[in-house]
Amino acid sequence: MLRFLIIAIPSFLVGCVFGAAGWYLASPLFIDRVVSEELASGNNVEALYAGEFRGADSAHQAGGTALVVKRADGRAELQLKDFRVTNGPDLVIYLSKNSDPMNARDITESEFVNLGALRGNVGDQSYTLPSDLDLATYKSAVIWCEQFSVLFAAARLGVQGNAAN
């Protein structure tokens, strides 16, 4: 019986640790975090820049629109509309000065602004932009995995100049 316990207890503990680690890393692949925020729109909102999200590679797929808008009160925000991206651990959203990032190095070697944790990998959401940000110099919206330094998706931002609807 003692021999059984000497083998069983460490095996159980190791199994728990590896099982928990495996769940942490794998569960985002099949569990979506869905959000549905009300996006500012109408005549009092001016769309400045927009672009369509594309996945970084075959493992990281994305879709939807990134819109940089200026609200009637003067605040600027990044809106993700009809958004979806492959889920992953520790996803954040950046504005990058690189106009067409294709890999992690394109992000790490250019200037970027971290807008915070991605609220969900599916659905409409918006992020307030710092008031001192020179919007004309940031050319793409990027979904980035902080934990593993992996590019998940990017949207090249082009000039719009019409009201957001």
Side-chain angles (χ1 to χ4, degrees), residues 12-41 45 47-71 75-131 133 135 137-158 160 164-165:
F12 177 75
L13 293 175
V14 168
C16 286
V17 168
F18 281 103
W23 177 257
Y24 173 74
L25 294 174
S27 65
L29 298 175
F30 54 87
I31 297 176
D32 287 330
R33 288 181 298 151
V34 179
V35 296
S36 182
E37 295 180 6
E38 182 87 23
L39 300 179
S41 63
V45 177
L48 303 174
Y49 305 97
E52 296 298 316
F53 276 102
R54 61 164 168 71
D57 53 42
S58 61
H60 304 103
Q61 296 298 309
T65 304
L67 285 167
V68 175
V69 300
K70 190 167 191 175
R71 298 172 59 115
R75 290 183 299 141
E77 65 183 30
L78 175 67
Q79 296 181 345
L80 308 184
K81 190 173 184 179
D82 300 323
F83 177 71
R84 68 191 173 291
V85 68
T86 303
N87 204 358
D90 203 15
L91 295 182
V92 296
I93 186 155
Y94 289 168
L95 282 184
S96 173
K97 288 191 175 183
N98 187 312
S99 64
D100 194 23
M102 302 298 279
N103 55 48
R105 188 173 54 182
D106 290 344
I107 299 302
T108 58
E109 292 180 355
S110 73
E111 284 186 54
F112 59 86
V113 173
N114 186 337
L115 300 179
L118 192 66
R119 294 187 192 105
N121 68 306
V122 175
D124 295 346
Q125 51 204 292
S126 65
Y127 299 84
T128 302
L129 301 178
S131 59
L133 198 64
L135 297 175
T137 63
Y138 291 89
K139 306 294 184 187
S140 62
V142 173
I143 307 302
W144 179 257
C145 174
E146 283 282 308
Q147 185 171 9
F148 297 109
S149 298
V150 173
L151 175 65
F152 269 54
R156 174 184 262 177
L157 298 173
Q160 286 299 293
N165 294 316

Handout entry: Student check: side-chain heavy atoms of L135 and Y49 closer than 4.5 Å
Key = yes
Handout entry: All side chain to side chain contact (heavy atoms under 4.5 Å, CB included) counterparts of R33, not counting sequence neighbours
Key = N87, N121
Completion exercise
Rounding to 0.5 Å, atoms CD (E52) and CG (D82) come to a distance of 9.0 Å
Handout entry: Value rounded to 0.5 Å, distance of OH in Y138 from CG in L78
Key = 13.0 Å
Handout entry: Heavy-atom closest pair, residues K70 and L48
Key = CB-CD1, 4.1 Å
Exercise for the section: Evaluate the criterion side-chain hydrogen bond (donor to acceptor under 3.5 Å, both in side chains) for residue pair E77 and T128; output intermediate values, then yes/no. Expected result: CA-CA 4 Å; E77 65 183 30; T128 302; 4.9 Å; no
Exercise for the section: Apply side-chain contact (heavy atoms from CB on, under 4.5 Å) to the pair L151 and W144, showing each step before the final yes or no. Expected result: CA-CA 5 Å; L151 175 65; W144 179 257; 4.1 Å; yes
Exercise for the section: Determine the minimum heavy-atom distance between E37 and R119, stating which atoms define it. Expected result: OE2-CD, 3.0 Å
Problem - Heavy-atom pair with the smallest gap, counting every atom of D106 and M102 - result: OD2-N, 2.8 Å
Problem - Y127 and L118: CA distance, side-chain angles, deciding distance, side-chain contact (heavy atoms from CB on, under 4.5 Å) verdict - result: CA-CA 9 Å; Y127 299 84; L118 192 66; 3.5 Å; yes
Problem - Derivation of the side-chain contact (heavy atoms from CB on, under 4.5 Å) call for F152 and L91 - result: CA-CA 9 Å; F152 269 54; L91 295 182; 3.9 Å; yes
Exercise for the section: Please answer whether the main-chain N or O of D100 pairs with a side-chain N or O of S140 as donor and acceptor at a distance below 3.5 Å. Expected result: no
Problem - Side-chain donor or acceptor of Q79 paired with backbone N/O of L67 under 3.5 Å - result: no
Exercise for the section: Using modelled atom types only, decide if a donor and an acceptor are shared between the side chain of S96 and the backbone of N98 within a distance under 3.5 Å. Expected result: yes
Problem - Nearest non-hydrogen partners of F112 and I107, listed with the distance - result: CD2-O, 3.7 Å
Exercise for the section: Would you check if there is a donor-acceptor pair between the side chains of Y94 and E146 at a distance under 3.5 Å? Expected result: yes
Fill in the blank from the handout: S126 and L39 have their tightest heavy-atom pair at CB-CD2, 4.0 Å
Handout entry: Pairwise distance NZ(K81) to OG(S41) - rounded to 0.5 angstrom
Key = 7.0 Å
Exercise for the section: Sequence neighbours left out, what pairs pass salt bridge (Lys or Arg N to Asp or Glu O under 4.0 Å) with at least one residue falling in residues 120-129? Expected result: none
Practice task
Would you check if the side chain of D32 reaches a backbone N or O of V34 as a donor-acceptor pair within less than 3.5 Å?
Solution key: no
Fill in the blank from the handout: Smallest heavy-atom separation, V142 atom then P101 atom, equals CG2-CG, 3.9 Å
